[in-house]
Amino acid sequence: MELSHNQSLEFKECLRRSLPSHVSQSWLDSLQLLKITPSKVVLGGILHKIYRYEIKTNHESLLKEVLNKLFPEKAPFSEKKFEYKISSSASPKKSVQTEFDLNQDQIANTNIDLELKNSKSDFATQHAAGSTSSYSLGSFIPGKRNLLASRACKAVVEMPGIAFNPFVIYGESGSGKTHLLEAISNELQQSNPKKQRVQISAEDFLNDFVNHLRLSKMKEFRDRYRKADAFLLDDLQALVPSAKCQTELLYTINSLRKKKAQIVIACQEAPTQISGLSSGLREKLDSGLTVDIGIPDDQTRIAILESKAKERGIPLNNELANFIVKHIKGGIGRMEGVLMRLGVHASLLNEELTIELARYSLKDWLDDSAKKTDFEQYSHGKSTVTIENKILQNICIMFQISEEGLHSYRRDRKHIKARQAAVFLLKKLTSLSLSEIGKIIGRDHSTVHATLKKVGERMLKDDFFQKQMQTFLQEFEEKPVSMRTIEQKRSYSN
């Protein structure tokens with residue numbers, strides 16, 4: 001049976017209400033219930049292969065439960081085959097980024113072969129395709145250090161060949177200069193599609209130069225670049241090994257400037273600081289505008305991280321973003337790697353993204369202070385093993401869990417009981433306040449208060465748990481603990 005649009009919406013809403021709050025629902029927004037037959041269920045609107053894997057692995061049983069409730073006349077759905085169709089018309093902004101595509105095709109090499117079979121138009125299209133369509137100046141998040149670079153790029157797009165020419169952007173790897181370069185290329189194309197632009201890396205420019213030089217076809221090479229209306233070159237420093245190619249680039253820039261074609265060049269250092277760059281090329285680049293994009297400050301990095309996480313459908317809260325930026329150094333490239341790992345945990349393993357999880361999955365990137373748990377940081381500097389430390393160590397042994405598991409948000413019975421025991425015993429055996437106990441186990445004051453109340457309820461129902469706590473108290477106090485003392489647990493809920 002074919003499903004109506006309203007039936008598909010009802011299915012999605014019912015599914016949304018049934019999902020736990022901490023589970024990422026980015027795959028659900030575009031999901032469509034297309035067809036139900038006696039033998040199968042067809043679902044569409046799946047934006048990416050990784051979402052199909054996530055749904056099939058983590059949520060198919062829930063799909064069956066919801067369908068059994070909505071379409072009892074078609075039940076049981078446990079006996080039907082589920083087909084998932086990848087949407088080919090999804091908006092690029094909502095799709096998962098290419099780095100999450102576990103089966104993506106290998107990117108084609110943009111170097112021309114020695115026979116130079118590509119035509120002039122093919123060459124222009126091939127190199128223009130190097131830009132990423134999602135990059136725009138609007139998606140670039142400016143901060144104090146890169147505000148000048150961001151505004152200069154907008155001026156170049158509004159007045160190509162007039163505002164700043166040549167325009168040079170430099171900065172460390174991961175600072176965002178390639179983003180700006182490709183954003184300029186994209187917006188120039190959008191503003192005037194008939195204009196010819198060439199965007200290329202310096203390495204490809206060098207290889208192209210060598211190939212044409214060997215075959216004595218330099219006129220063809222020069223025509224390809226000097227007839228462009230916009231010429232964008234990335235990683236200028238790659239031309240340092242070849243003085244001849246630098247000379248050719250200088251002549252290309254001179255030719256382009258005469259016809260007021262826009263020139264944009266990105267590099268890691270200012271042209272005056274690139275050792276091995278010819279004086280003529282350096283002076284020509286210095287005659288335009290050269291701006292340092294700089295490494296983004298922490299607030300800008302947080303904004304970038306949250307923005308990219310939203311694009312990828314990764315449930316990254318502000319607290320976790322602050323933790324990552326505080327304890328992981330590096331540019332935007334490193335932040336992309338962070339999101340890759342967190343995205344895998346959120347999508348493939350269906351895990352809630354917490355600071356504890358970040359400590360585990362990003363441990364090779366974290367600084368030393370972040371590798372310590374909250375409890376280790378709390379007790380740092382004490383010369384002897386504290387009673388708090390002994391309590392937590394013994395709880396981990398008693399319930400056969402790791403210290404990381406004790407601090408985690410795992411909701412299985414074993415971990416819940418261990419955390420309840422930790423709160424109860426820390427309150428009973430120490431003079432710590434609820435806020436201090438919360439700091440040790442990674443929870444807030446209200447959560448600790450609620451946990452104490454639950455401990456009281458558990459002790460009334462769970463005799464074994466009550467005996468565990470009684471034994472624990474006896475060992476630490478080195479005296480019998482009466483059942484009346486244990487019953488004082490009720491006072492903690494008031």
Side-chain angles (χ1 to χ4, degrees), residues 1-91 94-97 100-103 309-317 320 339-354 356-357 360-361 405 408-417:
M1 104 183 180
E2 297 289 342
L3 279 301
S4 68
H5 178 66
N6 288 337
Q7 286 176 311
S8 182
L9 286 178
E10 183 183 7
F11 166 72
K12 283 173 59 173
E13 288 306 312
C14 186
L15 191 59
R16 195 185 301 277
R17 292 193 298 268
S18 303
L19 283 169
S21 59
H22 69 273
V23 172
S24 171
Q25 299 184 6
S26 54
W27 53 271
L28 184 56
D29 295 334
S30 59
L31 189 68
Q32 298 173 359
L33 181 60
L34 301 178
K35 183 187 296 185
I36 299 176
T37 73
S39 61
K40 68 180 180 180
V41 175
V42 182
L43 294 144
I46 299 170
L47 300 181
H48 200 272
K49 293 178 183 178
I50 198 168
Y51 285 159
R52 178 172 62 187
Y53 181 87
E54 177 184 353
I55 297 168
K56 189 171 182 63
T57 304
N58 299 320
H59 306 299
E60 191 169 284
S61 60
L62 180 59
L63 297 181
K64 294 175 181 178
E65 291 179 13
V66 171
L67 288 169
N68 280 328
K69 292 178 182 178
L70 293 178
F71 305 100
E73 70 279 5
K74 298 291 182 180
F77 284 85
S78 58
E79 299 177 1
K80 298 183 188 293
K81 179 182 178 182
F82 279 66
E83 290 186 6
Y84 304 95
K85 293 188 174 182
I86 304 295
S87 172
S88 59
S89 59
S91 171
K94 293 184 179 180
S95 64
V96 175
Q97 297 294 311
F100 287 88
D101 188 352
L102 303 183
N103 297 306
K310 186 177 181 179
E311 289 176 6
R312 292 157 173 76
I314 298 173
L316 182 77
N317 58 46
L320 182 53
L339 290 177
M340 159 82 86
R341 296 192 188 182
L342 295 180
V344 167
H345 280 87
S347 295
L348 297 187
L349 302 182
N350 199 28
E351 294 186 54
E352 181 182 4
L353 297 185
T354 63
E356 288 75 18
L357 177 62
Y360 171 75
S361 63
S408 73
Y409 285 83
R410 296 175 188 169
R411 302 295 300 166
D412 58 279
R413 183 180 178 85
K414 180 170 65 173
H415 285 85
I416 290 175
K417 289 180 69 174

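As a basis for the values below, the full set of heavy atoms in this structure was taken, side chains included, without hydrogen atoms, waters or symmetry mates. Counting begins at 1 with the first residue of the sequence.
- In terms of heavy atoms, Lys74 sits closest to Lys80 at O-CE, 3.0 Å.
- For Ser8 against Leu31, the heavy-atom pair with the smallest separation is OG-O, 4.4 Å.
- Here Lys69 does not pair with Glu65 in a salt bridge; the nearest charged N to carboxylate O distance is not below 4.0 Å.
- To the nearest 0.5 Å, the span separating NZ on Lys56 from CD on Glu83 amounts to 9.5 Å.
- Of the residues listed (Val42, Leu63, Ile55), the one engaging Phe82 in a side chain to side chain contact (heavy atoms under 4.5 Å, CB included) is Leu63, and it is the only one.
- To the nearest 0.5 angstrom, Leu43 atom CG is 12.5 Å from Lys35 atom NZ.
- For Lys414, the NZ atom sits in a packed shell: over 12 heavy atoms of surrounding residues, nucleotides or ligands are nearer than 6.0 Å.
- When all heavy atoms of Leu320 and Asn317 are compared, the pair lying nearest together is N-OD1, 2.7 Å.
- Side-chain atoms of Val41 and Leu33, non-hydrogen and from C-beta on, do get closer than 4.5 Å to each other.
- Taking CZ of Arg16 as the start and NZ of Lys12 as the end, the distance is 6.5 Å to the nearest 0.5 Å.
- Of the possible donor and acceptor atoms, one in the side chain of Ser30 sits under 3.5 Å from a partner among the backbone N and O of Gly45.
- Between Leu19 and His59 there is a side-chain heavy-atom pair separated by less than 4.5 Å.
- Annotation: side chain of Val66 is not in contact with side chain of Phe77 (no heavy-atom distance under 4.5 Å).
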